[in-house]
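If you're wondering where the values come from, they're calculated on a predicted model, not measured in any experiment. Whatever order the structure lists them in is the order used to number ligands and atoms, beginning at 1. Only heavy atoms go into these numbers, but all of them, side chains included; no hydrogens, no water, no symmetry mates.
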Amino acid sequence: MDSFIELKKISVLRGDRKILDDINFDISSGENVAVIGPNGSGKSTFIKLITGKIYPSYTGNGTVCKLFGHSRWNIHNLRSMLGIVTNELQHDFYNEITGFEAVLSGFFSSVGISNNHIVTKDMTKKADDMIDFLEVSSLRNKKLETMSSGEARRFLIARALVNNPKVLVLDEPSNSLDISSSLKLHNTMRKISYSGTKIILVTHLVSDIIPEMNRFVFFKGGKIFADGKRSEVFTCDKLSSLFDMKVKLAENNGLCCITIV
Ligand SMILES: Nc1ncnc2c1ncn2[C@@H]1O[C@H](COP(=O)(O)OP(=O)(O)OP(=O)(O)O)[C@@H](O)[C@H]1O
């Protein structure tokens with residue numbers, strides 16, 4: 001099986017500063033990956049790289065940057081393979097768009113539906129199926145701008161799933177959610193992982209981690225600081241080194257939390 005994402009010796013430069021430095025990363029099917037790192041460690045830049053939004057700063061000399069086997073890609077062609085939900089995206093949807101239209105727009109990689117879009121019956125059915133799956137049918141015709149963050153985020157996850165992507169990238173998904181909405185999201189991520197779509201979860205909160213995450217990639221200072229199986233990387237020692245403070249990790253009923261010791 002080809003890798004979903006293959007990066008070798010990849011760096012990203014902004015001005016004269018390397019904000020991603022010599023990244024080597026490869027994921028294939030079967031992996032749910034948690035990307036964790038402190039603020040400013042390069043996680044968002046990494047997400048932009050693996051979702052085709054930016055290219056590496058250097059190529060040649062053994063560098064590889066492939067998404068689904070291709071070094072060059074068209075964002076529209078990536079959409080059936082890669083679903084993306086970021087806070088930036090959610091911001092784009094704060095206008096007159098209803099939840100249903102937002103989900104439907106996933107078929108066109110657009111923000112909402114316009115007269116140029118030809119919406120088929122199958123698309124409508126799939127959009128409604130995904131709205132059901134995310135358990136927000138009662139809000140289908142409500143405008144996103146009038147929803148809570150948690151509600152709007154569920155519609156954007158449904159939008160990302162309409163194309164049956166192989167991989168769903170969630171960037172800081174519990175940002176601005178209260179405990180109850182975070183817990184709902186937690187359960188939704190578990191449901192998605194059972195449905196066959198793999199998750200790449202980017203976060204600085206260990207409470208976002210679901211038991212199905214089987215690979216952990218830690219970022220620090222623009223570099224991959226640790227990368228491996230859950231039992232090897234998601235440990236008190238590694239988390240303490242990552243955040244430069246002694247922390248204790250506890251897991252209870254599938255929920256994780258860290259405390260400072
Ligand atoms: N376009 C840019 N121009 C200059 N510096 C940038 C740019 N984008 C990111 N940076 C810098 O690169 C570093 C990594 O940023 P990035 O947003 O990738 O980190 P992050 O881990 O996602 O942080 P956070 O958790 O705070 O969102 C930061 O120091 C940031 O200021």
Side-chain angles (χ1 to χ4, degrees), residues 4-27 32-59 63 65 67 73 75 78 82-94 149-150 152-153 156-157 160 167-179 181-182 185-186 189 199-210 213 215-228 233-234 238-245 247 249 256-260:
F4 288 164
I5 294 161
E6 191 184 355
L7 306 178
K8 283 199 185 114
K9 295 183 166 184
I10 292 300
S11 295
V12 172
L13 207 67
R14 289 283 180 261
D16 55 3
R17 187 173 152 222
K18 266 189 193 173
I19 54 177
L20 286 183
D21 187 7
D22 193 22
I23 301 298
N24 294 283
F25 178 80
D26 193 312
I27 68 161
N32 288 307
V33 184
V35 177
I36 304 181
N39 292 132
S41 56
K43 303 179 301 294
S44 300
T45 309
F46 176 70
I47 288 300
K48 287 182 186 148
L49 193 66
I50 64 170
T51 54
K53 296 215 167 121
I54 59 170
Y55 283 96
S57 297
Y58 311 106
T59 48
T63 58
C65 182
L67 302 184
W73 49 81
I75 284 285
L78 271 183
L82 195 66
I84 307 162
V85 180
T86 64
N87 290 298
E88 275 171 29
L89 180 72
Q90 187 156 340
H91 198 259
D92 292 344
F93 275 86
Y94 280 136
S149 297
R153 196 142 318 151
L156 291 185
I157 295 174
V167 182
L168 175 66
V169 177
L170 297 171
D171 188 10
E172 309 280 2
S174 63
N175 193 13
S176 75
L177 301 191
D178 65 21
I179 299 174
S181 302
S182 297
L185 179 77
H186 202 267
M189 287 194 283
I199 297 178
I200 299 180
L201 167 69
V202 181
T203 187
H204 55 264
L205 296 173
V206 300
S207 51
D208 285 345
I209 303 300
I210 56 171
M213 291 289 155
R215 174 155 168 210
F216 283 72
V217 179
F218 287 179
F219 271 80
K220 192 172 184 178
K223 288 180 180 277
I224 291 184
F225 172 76
D227 179 1
V233 176
F234 194 47
K238 287 259 174 14
L239 283 164
S240 298
S241 307
L242 180 69
F243 290 107
D244 287 323
M245 59 176 68
V247 297
L249 173 67
C256 304
C257 85
I258 52 172
T259 44
I260 299 166

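Not a single heavy atom of Gly222 sits less than 4.0 Å from an atom of ligand 1. At least one heavy atom of Arg17 sits closer than 4.0 Å to an atom of ligand 1. Ligand 1 has Ser41 within reach: a non-hydrogen atom of the residue lies less than 4.0 Å from it.
Taking the centre of each ring, Phe219 and Phe225 stay at or above the 6.0 Å mark.
Residue contacts with ligand 1, taken as heavy atom pairs separated by less than 4.0 Å, involve Arg14 solely via side-chain atoms from C-beta onward. Heavy atoms of Ile19 found under 4.0 angstrom from ligand 1 belong exclusively to the side chain.
Using a 4.0 Å cut-off between charged side-chain N and carboxylate O, Asp22 and Lys9 make no salt bridge.
Distances from atom 28 (C) of ligand 1 to the heavy atoms of Gly42, Gly40, Gly37 put Gly40 nearest.
Pairs engaging residues 48-57 under the side chain to side chain donor-acceptor pair (under 3.5 Å) rule: none recorded [sequence neighbours left out].
Here the protein heavy atom with the shortest distance to atom 15 (O) of ligand 1 is Thr45 OG1, 4.0 Å.
Of the residues listed (Val217, Val202, Ile209), the one engaging Ile36 in a side chain to side chain contact (heavy atoms under 4.5 Å, CB included) is Ile209, and it is the only one.
A donor-acceptor pair is defined here as one N or O able to donate and one able to accept, closer than 3.5 Å; no such pair exists between the side chain of Gln90 and the backbone of Ala152.
Looking at Arg153 and Asn175, their side chains come closer than 4.5 Å, going by heavy atoms from C-beta outward.
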